[in-house]
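In what follows, a structure is listed as structure tokens, so that the remarks can point back to it.
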Amino acid sequence: MSCLIVQSDKTLLLEVDHEQAEDCRRAIAPFAELERAPEHIHTYRVTPLGLWNARAAGHDAEQVVDALVNFSRYPVPQSLLVDVAETMSRYGRLSLVKHPAHGLVLQATDLPVLEEVLRSKRIKPLVGARIDPDTVVVHPSERGQIKQALLRLGWPAEDLAGYVDGEAHPIELRQDDWHLRPYQEQAISGFWHGGSGVVVLPCGAGKTLVGAGAMAQARSTTLILVTNTVSARQWKSELVRRTSLTEEEIGEYSGTRKEIRPVTIATYQVLTTRRKGVYAHLELFDSRDWGLIIYDEVHLLPAPVFKFTADLQARRRLGLTATLVREDGRESDVFSLIGPKRFDAPWKEIEAQGYIAPADCVEVRVDLTDSERLAYAMAEPEDRYRFCATTDSKRRVTETLVRRHMGEQTLVIGQYIDQLDELGERLNAPVIKGETTNTQREKLFNAFRAGEVPVLVVSKVANFSIDLPEATVAIQVSGTFGSRQEEAQRLGRVLRPKADGHEARFYSVVARDTVDQDFAAHRQRFLAEQGYAYRIVDASELVTGDAEDA
């Protein structure tokens, strides 16, 4: 019997333990999005965006149909096969190309489709003169906007207009004491072959090295956009260590420094700063003839940066992320403005290869006291999450967990500053929050890495791009409501491989019978989809010592 069940609602059920499962997963990964990956049956979904991703990567409908038919246990619904073929045929009927006389043009292989889209109110302002029945002029500055608009109309354009090389700059990888891992090489190759797009890799799997590899391919000036200043300095440190670049060749463009060099690392925050309604730092995009732009944590790309990205379509663009889940639902904008997904590797697969640490995820359910329950019940609806997320009952359990893991490098992560300050005081641990200076943050992170600080209390400023390979325990006390992105990023803080092969522990402390429990279930969804099962233990078991391995 085959390993795949193909259903008419476009879901695919893959039996993980089947001998064909690995071959099947490789065959369907280019076009099917993984939705859930619990222990035995993984659920994929076939979506238009997934099928267009596959077309952009060079796969055709025949390959998709063959994969479904060859691995399906039962006959594949005929309606689904027809839908796959028709959806994929929509990609490429319109294309953006360079015209020798008119520059950028939109060209059609199907005249009625061109007529249809030209009548759209979204498209009319973006195009110019009609050159012939099949071709219309597009202003170069509208290259991103028209791709975005066409995707929303269901007619994604193939972008064949090419890229400018940008200003050349020598960059080579120094692989004397390290080597790119096979999946990193595949990711770089997939990106470079496609020209622009997104690489999806788990936290701790070396996305920075994929960026460095892409830079070595481009050998040109590079603009790297990151989430914060600490991340910018980590990128700089890694590039100096792993490539031929020197410190003088790499500039930091942040709230404190404004250096523009052949490789410039800028924060999203400084780019989205407005003065009197004007984005004051947009000249950064025009300050060099960039050959490559890298978007770190592309799933967090602020909405204003999408607008700037639309103007950079002539540049090669690489998005790096652990998850393409966007809480604002703008995944299609990432597709049209950064590029399609060029490489994706499931978290558990990278873990099985030994490149990220195995993780034990535990949800600790806490009973509130009678007085806390009553106060929660009487609180205004908008105040209830903050109240139940920051109770004394949760604080006591968090302190118990920290004591249980004494001697292990532990992160306590939360959302509310007063809660974190109190925990820092009671645990005699430093607190990193928004007001902590970048110099102090780096000093504390370095002390944590060196083992001088065993416990660090951190706000959401440490969710992203912070490399702390020594962290083996993370305790989450509060979060941004039901954010799946945040849950993935927080687990990622402890997934860096351990020198002794030690398992990572990720605790989520949750107040029972409250919205805290509801939000926790939603936050955990992405990690459950990646194959991480949460054990649920009662907080009382921690006190009595009955919780297995807790």
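Between F519 and Y385, the angle of the ring planes goes over 60°, which puts this pair in the perpendicular group of the 30/60° scheme.
A donor-acceptor pair under 3.5 Å is absent between the side-chain atoms of E259 and the main chain of I265, judged by distance alone. Using modelled atom types, one side-chain atom of R342 and one backbone atom of S196 make a donor-acceptor pair closer than 3.5 Å. In this structure a side-chain-to-backbone donor-acceptor pair under 3.5 Å is present from K394 to V477. Formation of a donor-acceptor pair under 3.5 Å by the T391 side chain with backbone atoms of F387 is not found in this model. Although no hydrogens or angles enter the test, the distance criterion places no donor-acceptor pair under 3.5 Å between the side chain of E425 and the main chain of E422. Remark: side-chain polar atoms of T390 are paired, donor with acceptor, to backbone N or O of R386 under 3.5 angstrom. Without hydrogens or angle criteria, Q419 side chain to A389 main chain gives a donor-acceptor distance under 3.5 Å.
If you run side-chain hydrogen bond (donor to acceptor under 3.5 Å, both in side chains) between S254 and each of K258, R257, E252, only E252 comes through. Of the options I188, L180, L239, a side-chain contact (heavy atoms from CB on, under 4.5 Å) to L209 is made by L180 and by none of the others.
For CG of N428, the number of neighbouring non-hydrogen atoms (other residues, nucleotides, ligands) closer than 6.0 Å is 12 at most. Within 6.0 Å of the NZ atom in K443, the count of heavy atoms belonging to other residues, nucleotides or ligands does not exceed 12.
For an aromatic pair to be called close, the ring centres must be under 6.0 Å apart, and F343 with Y183 fails this.
Using a cutoff of 4.0 Å between basic side-chain nitrogens and carboxylate oxygens, E238 and K236 are not scored as salt-bridged.
One side chain, D538 or S540, offers a donor N or O that lies under 3.5 Å from an acceptor on the other. Between E297 and T321, the side chains place no donor N or O within less than 3.5 Å of an acceptor N or O (distance only, hydrogens not considered). No donor-acceptor contact under 3.5 angstrom links the side chains of T439 and T437, judged on distance only. When only modelled atom types and interatomic distance are considered, Q269 and N228 share no side-chain donor-acceptor pair under 3.5 Å. With no hydrogens or angles considered, a side-chain donor-acceptor pair links S508 and Q476 at under 3.5 Å.
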